[in-house]
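Chain identifiers are assigned alphabetically (A, B, ...) following the order of the sequence lines, protein sequences preceding nucleic acid strands; residue numbering begins at 1 within each chain.
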2 protein chains.
Amino acid sequence: MASIKDVAQRAGVSTTTVSRVLSTPQAVRAALRTRVEQAIAELAYRPNLAARRLRQRRASLVGLIVSDIRSPFFTDVGRAVEDVAYRHGLRLILCNSDENPAKEQSYLELMADEQASGVILSPTMQGLQQLRPEAWPFPLVLVDRALENTRVDRVVLDNQAAARRATEHLLQSGYRRIVLLAGAHSTTGQQRHAGHVQALAAAGLTPRPVWVEPTHRAGVQAAADVLAGPDRPDALLVTNGVLLLGALQAIQAAGLRTPHDIGLAGFDNNDWTALPALDVTTVAQPTYDIGRTAAELLLQRMQDATRPVRQVVLEGALVVRGSSVRSAPAPTLP
Amino acid sequence: MASIKDVAQRAGVSTTTVSRVLSTPQAVRAALRTRVEQAIAELAYRPNLAARRLRQRRASLVGLIVSDIRSPFFTDVGRAVEDVAYRHGLRLILCNSDENPAKEQSYLELMADEQASGVILSPTMQGLQQLRPEAWPFPLVLVDRALENTRVDRVVLDNQAAARRATEHLLQSGYRRIVLLAGAHSTTGQQRHAGHVQALAAAGLTPRPVWVEPTHRAGVQAAADVLAGPDRPDALLVTNGVLLLGALQAIQAAGLRTPHDIGLAGFDNNDWTALPALDVTTVAQPTYDIGRTAAELLLQRMQDATRPVRQVVLEGALVVRGSSVRSAPAPTLP
DNA sequence: TTGAAAGCGATACCAT
DNA sequence: ATGGTATCGCTTTCAA
């Protein structure tokens with residue numbers, strides 16, 4: 001493995017010059033620069049990152065810690081972050097906390113140990129409550145989930161508005177006994193709950209939220225319980241894609257059909273929701289924009305640690321499909 | 001940021017002793033060790049990984065480079081690899097090549113730059129053809145995709161047998177005009193094609209393979225073309241989960257119903273395939289086992305570079321559901 | 001069992 | 001514009 005010394009020797013210059021060719025080429029005379037570049041090519045030299053980091057005391061590397069790597073939402077966000085990072089010569093390390101606060105903590109420590117230049121985090125609820133951004137040696141940007149009073153850059157969906165619109169849509173379709181399946185342990189679940197309650201209140205209706213662990217299994221079980229219980233709802237609104245699939249599974253297992261027997265709408269416009277046989281109404285999130293914006297916020301923060309904290313709020317788009325639209329229109333409200 | 005010097009000073013020992021407490025605690029007298037450990041705790045000391053790597057010339061870190069981060073197959077594999085790596089004090093870096101040979105190459109170089117201890121790779125076809133395992137400074141284990149004659153450890157599915165069984169199942173259900181939608185640019189697609197052809201040949205039937213880019217869009221398009229073309233097939237077999245969803249989309253868009261109008265089966269037992277309204281017959285892969293085995297092969301190779309190359313072949317399980325079973329049984333073959 | 005000191009490979013300061 | 005040299009923080013001989 002060739003080192004900077006070997007390159008210097010071969011080019012007949014000092015290691016300093018080689019280093020400069022690598023970092024500030026315009027500071028080296030063209031003739032010398034060419035010789036160095038040739039030596040680099042001939043030796044297939046690659047700088048030792050460990051040595052560089054040791055000296056510079058930071059790595060050209062950003063971390064993305066997500067709560068569920070399987071979610072298309074986060075893979076899309078990840079792709080956007082990677083695109084931006086790559087264009088700025090930063091490497092991306094992807095970590096999956098799996099909704100586990102201990103794992104999340106461990107990955108944040110990994111990032112500190114690796115001397116990451118910055119981290120984008122989709123925190124667990126517990127992690128968010130304990131989060132002390134200033135305690136970490138890197139700038140932090142939150143995505144998807146955040147608390148109002150946390151003093152840290154973030155980009156989130158207008159969850160409340162999106163849930164309100166989805167609920168209003170269900171009401172307009174004539175559904176009245178709506179149950180909300182809300183993902184537990186996340187701020188998004190709470191905010192979507194708030195928007196849902198808001199819309200119901202405006203219509204003079206009482207909310208019926210059910211809080212569910214954000215797993216497929218739990219989604220199936222909770223939906224099945226609700227459907228089998230007393231006063232079966234005439235519609236379900238589900239606050240994330242995983243639970244939405246679970247709810248649909250339970251609906252079909254119970255022999256019910258959307259939109260007639262039951263209305264259905266939910267967050268995350270995953271591929272399968274568009275299948276004609278399912279045709280599920282969803283709230284589509286601007287996933288790529290979310291990731292791109294988060295990466296940009298991080299880059300700006302890396303350049304200026306003192307700039308004011310920014311929150312970017314993006315809008316979701318309601319994709320109306322057959323699962324929430326009854327052929328016979330509901331009677332108009334008074 | 002406290003360094004090993006600070007710890008040594010506080011504990012009244014040399015840096016050598018601190019280093020030993022960290023790596024070989026039993027080589028330090030209990031009394032001293034306790035003092036050092038206390039100093040470490042008081043200063044919240046964390047070793048500088050860059051310095052350690054620079055000295056040791058390798059990182060306690062393994063890479064997993066997958067071709068599609070969105071696939072549940074790879075996220076399951078990733079989880080297994082992470083579990084094993086974590087238990088052995090190794091960190092995992094997850095990379096997504098996105099079926100792009102250039103990205104794959106770039107990530108392999110990243111791993112070399114990071115001085116990774118080992119890499120698990122699901123290669124693109126082009127990457128596989130050019131792959132020179134001995135050219136990398138780390139041991140390599142292939143998952144999911146491999147060529148017979150590559151001299152490298154690997155763990156793969158018995159793709160041919162699985163495709164043969166799936167095809168035999170379709171034949172037993174009475175389907176005769178079967179079209180195979182096969183993912184292009186992958187050894188798995190080719191091997192599954194081979195198993196399919198084998199089963200058809202045994203039944204005296206002519207294969208009708210269609211090679212498709214492994215994206216959702218391309219899957220929809222290809223299936224739509226096949227369904228609208230002359231001599232419409234009576235069944236589709238699809239070699240991966242992404243294309244399977246696309247095929248189902250096209251089937252439903254064409255107003256066809258499984259299993260009567262058309263039979264359907266495919267690889268990857270993704271969550272949505274179990275929805276009663278879809279009920280798609282699939283080949284389930286032992287994803288966690290694949291990941292665990294790959295990680296174990298890598299660890300063994302890291303310990304002994306000279307051990308013979310091993311290939312582990314795992315079996316898939318055919319999950320028969322309604323999409324491929326006609327209510328009226330087919331006439332028995334002669 | 002413990003410590004002194006060399007050295008890993010790069011960068012950054014200070015000369016020239 | 002270029003080079004000499006100290007230095008980043010740790011591990012690893014080697015000696016005691």
Could you check whether any side-chain heavy atom of [X] comes within less than 4.5 Å of a side-chain heavy atom of [Y], counting everything from C-beta outward?
X         : Y         : value
Val242(A) : Ser71(A)  : no
Thr188(A) : Gln285(A) : no
Leu22(B)  : Tyr45(B)  : yes
Ile93(B)  : Leu61(B)  : yes

Calculate the interatomic distance between [X] atom [atom1] and [N] atom [atom2]; express it in whole Å.
X        : N       : atom1 : atom2 : value
Leu54(B) : dC8(C)  : CG    : C1'   : 4 Å
Met1(A)  : dA10(C) : CE    : C1'   : 15 Å
Arg33(B) : dT1(C)  : CZ    : P     : 11 Å

Relative orientation of the end axes in the helix from dT1(C)-dA16(D) to dT16(C)-dA1(D), expressed as an angle to the nearest 10° (five pairs per end)
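The two end axes of the helix from dT1(C)-dA16(D) to dT16(C)-dA1(D) meet at 30°.
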Can you list, in residue-number order, the parts of residues 39-48 of chain A that come under 4.0 Å of DNA chain C, counting heavy atoms only?
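Output list: Tyr45(A), Arg46(A), Pro47(A), Asn48(A).
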Do side-chain atoms of Asn96(B) reach the backbone of Ile69(B) as a donor and acceptor pair under 3.5 angstrom?
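Checking the backbone N and O of Ile69(B) against the side chain of Asn96(B), a donor-acceptor pair under 3.5 Å is found.
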Mark yes or no for whether Asn100(B), through its side chain, and Ala102(B), through its backbone, hold a donor-acceptor pair below 3.5 Å.
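Flag set: sc Asn100(B) to bb Ala102(B) pair under 3.5 Å.
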Report all side-chain donor-acceptor pairs from residues 109-124 of chain B shorter than 3.5 Å, counting only partners two or more places apart or in another chain.
{"unit_1": "Glu109(B)", "atom_1": "OE2", "unit_2": "Gln105(B)", "atom_2": "NE2", "d": "3.3"}
{"unit_1": "Asp113(B)", "atom_1": "OD1", "unit_2": "Arg46(A)", "atom_2": "NE", "d": "2.8"}
{"unit_1": "Asp113(B)", "atom_1": "OD2", "unit_2": "Arg46(A)", "atom_2": "NE", "d": "3.4"}
{"unit_1": "Asp113(B)", "atom_1": "OD2", "unit_2": "Arg46(A)", "atom_2": "NH2", "d": "2.9"}
{"unit_1": "Glu114(B)", "atom_1": "OE1", "unit_2": "Arg53(A)", "atom_2": "NH1", "d": "3.2"}
{"unit_1": "Glu114(B)", "atom_1": "OE1", "unit_2": "Arg53(A)", "atom_2": "NH2", "d": "3.4"}
{"unit_1": "Glu114(B)", "atom_1": "OE2", "unit_2": "Arg53(A)", "atom_2": "NH2", "d": "2.7"}
{"unit_1": "Gln115(B)", "atom_1": "NE2", "unit_2": "Arg57(B)", "atom_2": "O", "d": "3.4"}
{"unit_1": "Ser117(B)", "atom_1": "OG", "unit_2": "Ala59(B)", "atom_2": "O", "d": "2.5"}
{"unit_1": "Ser122(B)", "atom_1": "OG", "unit_2": "Ser67(B)", "atom_2": "OG", "d": "3.4"}
{"unit_1": "Thr124(B)", "atom_1": "OG1", "unit_2": "Glu104(B)", "atom_2": "OE1", "d": "3.0"}
{"unit_1": "Thr124(B)", "atom_1": "OG1", "unit_2": "Gly127(B)", "atom_2": "N", "d": "3.1"}

When all nucleic acid strands are considered with a 4.0 Å heavy-atom cut-off, which category describes [X]: base, sugar-phosphate, or nothing?
X        : answer
Leu32(B) : sugar-phosphate
Leu22(B) : nothing
Val18(B) : nothing

Would His185(B) and Glu213(B) count as having a side-chain donor-acceptor pair, cut-off 3.5 Å?
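Yes, because at least one side-chain N or O of His185(B) sits under 3.5 Å from a partner of the opposite role on Glu213(B).
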Single hit among Gln300(A), Arg301(A), Arg307(A), Gln311(A) for side chain to side chain donor-acceptor pair (under 3.5 Å) with Asp153(A):
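When side chain to side chain donor-acceptor pair (under 3.5 Å) is applied between Asp153(A) and each of Gln300(A), Arg301(A), Arg307(A), Gln311(A), only Arg301(A) qualifies.
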Hey, which of these two, Ile4(B) or Ser14(A), hits DNA chain D nearer its 5' end, going by closest nucleotide?
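Taking each residue's closest nucleotide, the earlier one in sequence belongs to Ser14(A).
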Is it true that Arg79(A) and Asp76(A) have a side-chain N and a carboxylate O under 4.0 angstrom from each other?
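So Arg79(A) does not pair with Asp76(A) through a salt bridge.
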Atom pairs, protein N/O to nucleotides 12-16 of chain C N/O, distance under 3.5 Å:
{"unit_1": "dA12(C)", "atom_1": "N6", "unit_2": "Thr16(A)", "atom_2": "OG1", "d": "3.0"}

First encountered from the 5' end of DNA chain C, between Thr17(B) and Arg57(B):
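Here Thr17(B) is the residue nearer the 5' end.
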Hey, where on DNA chain D does chain A first and last touch, going 5' to 3'? Cut-off is any atom under 4.0 Å from a heavy atom.
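On DNA chain D, the outermost contacted nucleotides are dA1(D) to dG9(D).
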Crowded around Arg58(A) CZ? As in, over 12 foreign heavy atoms under 6.0 Å?
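No - once you tally the heavy atoms of other residues, nucleotides and ligands closer than 6.0 Å, there are 12 at most.
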Using a 6.0 Å cut-off, check whether atom OH of Tyr288(B) has over 12 heavy atoms from anything other than its own residue.
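Yes, the 6.0 Å shell around OH holds more than 12 heavy atoms from other groups.
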With side-chain hydrogen bond (donor to acceptor under 3.5 Å, both in side chains) as the rule and sequence neighbours excluded, what pairs involving residues 25-41 of chain B come up?
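For residues 25-41 of chain B: Gln38(B)-Glu42(B).
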